[in-house]
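In what follows, chains are A, B, ... by sequence order, proteins preceding strands, each numbered from 1.
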Amino acid sequence: MNGLPASLLELIRRTSAEIPDDVQRAILAALEKEKKNTIAEDAFKIIQKNIELAKQKSQPICQDTGSVLFYVDCPPGFDQIGFAETAREAVTLATRKGYLRQNSVDSITGKNDGTNVGPGAPTFHFHQHRAPAVQVRLILKGGGCENVGAQYSLPSEKLHAERDLDGCRKVILDAVLQAQGKGCGPGVLGVCIGGDRATGYELSKTQFLRRLDDRNPIPELDQLEQDILNTANELGIGPMGFGGRTTLLGVKICAANRVPASYFVSISYMCWAYRRMGVTLDAEGRIANWLG
Amino acid sequence: MPTLLTTPVSEAQIRALKVGEAVEITGTLFTGRDAVHKYLAKGGALPPAVNLRDGIIYHCGPVVIKDDAGRWKVVAAGPTTSAREEPYQGDILRRFGVRGVIGKGGMGARTLAACQEVGAVYLHAIGGAAQVLAEHIKSVRGVYFFEEFGSPEAIWEFEVERFPAVVTMDAHGGSLHREVFEASQAELLKRL
């Protein structure tokens, strides 16, 4: 795995500086659709220019380079400890190079040592699979959008949301309303229905590994995804909450079993500066190909 | 055409601004976010070199590195969410005579009231547009509280040229954020 340090550094650089192609297409479509000569259209133009500039200059799309989340699919026997050590070094080097902001703060002392490495930073999610390939996906999730994530416990009397898919719809749309402006819109929702408080949020974030143009294989969830996307875009919240035609670029929902007493709906929000890239590694740890 | 603002900005010029108006700022911006606002609200003093009177605060935690010659270079510098400073902002506008706050997402009723009272505005920059906005930062004139608060939370003094933003809260009680929230909430109610 001699090639691993360079591969991870390159993965971090590209994830910070380049928007995935499916997200880029969705932003361009939203720009086309926006009412002309409005501050919403101007916002989209600046967003589009920013995407181009970041790629061209190989610099962060957004200064908040976020929580660093690694998702690794690997075969049994893969050295996860060694991978994590190398990844931490790559994160520190990427920070020195300005691909990442000095973004990790000791929650007790308030100190920021500038390495981006510490308890819980970066985060690793390893999954074994019965295949030889090692796939590494990286998500950089900014704090503004993380802060507008929400977890609802159903039933919610206040929102008249019961323990069914209509109740889920109500709380998810409430989250869209509350997030306006704060999470940089138009955004993407990752949702998990069910699970516990920890797994609900965790699974909601795995939805950001999906492509925006995919469809949910579960018909009920597919319908809910489309419904929420269309309804949210009728609310007039628009980019940055300026008012406008596109409030969300996508909605991705999964479900996990729950215990009878609990019914959580966990919602994570990803801003338009959607940073998600992935690679397949060869036996030497070099990048064999980029994942879509 | 955007309205051009040059720091220091006069009260009259600020009071003439209306919600929805595009502006471009030339002059000096001081960044300040969570740690700085909390510190100032608790009675903390500004470093002598930082003069906020008739100036503009930028809610921003930039990516700044040192180039080979040892000079600061701004790599990325978009706005952070302003709502977190709502408990502090009004008092800071009053105490330091600040004329403008740049951020994203807007702020609440207390800040809006302080804007009316002292003659200040909230200026919305495009969140996430760290590269476009960094292009308008011509130089770093200084950095304060770097050791205490860390790089993103420090006060950075930026020289800016035609830095783009939109007035979303004005000195007349107008708030685009309140308008859009109320309208979108009404639309949502029809669809539940």
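Residue with the most contacts toward chain A among B:Glu187, B:Glu148, B:Lys73, B:Gln131: B:Gln131 (heavy-atom pairs, distance under 4.5 Å). Between chain A and the residues B:Cys60, B:Ala186, B:Ala76, the largest count of heavy-atom pairs under 4.5 Å involves B:Ala76. Of all the listed residues (B:Pro152, B:Ala22, B:Gly150, B:Ser151), the one sharing the greatest number of non-hydrogen pairs under 4.5 Å with chain A is B:Pro152.
Salt bridge present: A:Lys57 and B:Glu135 bring a charged side-chain N and a carboxylate O closer than 4.0 Å.
Distance check: A:Asn50 CG to B:Leu133 CG gives 7.0 Å after rounding to the nearest 0.5 Å. B:Arg191 CZ to A:Asp227 CG: the interatomic distance, rounded to the nearest 0.5 Å, is 11.0 Å. Summarising the geometry, atom CD belonging to A:Gln59 is positioned 7.5 Å from atom CD1 belonging to B:Ile65; distances are rounded to the nearest 0.5 Å.
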Given A:Leu173 and B:Leu192, is the side-chain contact (heavy atoms from CB on, under 4.5 Å) satisfied, shown in steps? CA-CA 9 Å; A:Leu173 287 167; B:Leu192 289 179; 4.2 Å; yes

Given side-chain contact (heavy atoms from CB on, under 4.5 Å), test A:Phe242 with B:Val180 step by step and report yes or no. CA-CA 7 Å; A:Phe242 281 177; B:Val180 173; over 6 Å; no

Run A:Asn112 and B:Phe149 through side-chain contact (heavy atoms from CB on, under 4.5 Å) and show every step you take. CA-CA 7 Å; A:Asn112 182 340; B:Phe149 299 149; over 6 Å; no

Derivation of the side-chain contact (heavy atoms from CB on, under 4.5 Å) call for A:Val105 and B:Glu153: CA-CA 10 Å; A:Val105 179; B:Glu153 295 271 10; over 6 Å; no

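Contacts with chain A (heavy atom to heavy atom, under 4.5 Å) involve these residues of residues 93-113 of chain B, listed by number: B:Lys104, B:Gly105. Contact annotation for residues 151-168 of chain A against chain B (heavy-atom separation below 4.5 Å): no residues qualify. For residues 23-45 of chain A, the interface with chain B (any heavy-atom pair closer than 4.5 Å) comprises A:Ile39, A:Ala43, sorted by residue number.
Of all non-hydrogen atoms in B:Val63 and A:Gly98, the two that sit nearest each other are CG1-O, 4.0 Å. Across all their heavy atoms, A:Cys184 and B:Gly128 have their closest contact at SG-N, 4.1 Å.
Of the two parts of A:Lys97, only the backbone, made up of N, CA, C and O, holds a non-hydrogen atom closer than 4.5 Å to a non-hydrogen atom of chain B. Contacts of B:Glu179 with chain A are absent, with no heavy-atom separation under 4.5 Å from either backbone or side chain. Heavy atoms closer than 4.5 Å to chain A are found in both the backbone and the side chain of B:Ser184. For B:Val166, the part sitting under 4.5 Å from any heavy atom of chain A is the side chain, from C-beta outward, and nothing else. Contacts between B:Ala83 and chain A at a heavy-atom distance below 4.5 Å involve the side chain alone, from C-beta outward. Residue A:Arg96 touches chain B through its backbone alone, counting heavy-atom pairs closer than 4.5 Å. Proximity to chain A is absent for every atom of B:Lys66, based on heavy atoms less than 4.5 angstrom apart.
Side-chain contact between B:Ile126 and A:Ile47: present, with at least one pair of heavy atoms (C-beta onward) separated by less than 4.5 Å. Within the 4.5 Å cutoff, no side-chain heavy atoms of B:Pro62 are placed close to those of A:Arg101.
In terms of modelled atom types and a separation under 3.5 Å, the side chain of A:Gln63 and the main chain of B:Gly78 share a donor-acceptor contact.
Atom CD1 of A:Ile108 has 12 or fewer neighbouring heavy atoms from other residues, nucleotides or ligands inside a 6.0 Å radius. Under a cut-off of 6.0 angstrom, the local environment of CD in A:Gln223 is sparse, with at most 12 non-hydrogen atoms contributed by other residues, nucleotides or ligands.
Looking at residues two or more places apart in sequence or on another chain, you find no salt bridge (charged side-chain N to carboxylate O under 4.0 Å, His left out) involving A:Asp174.
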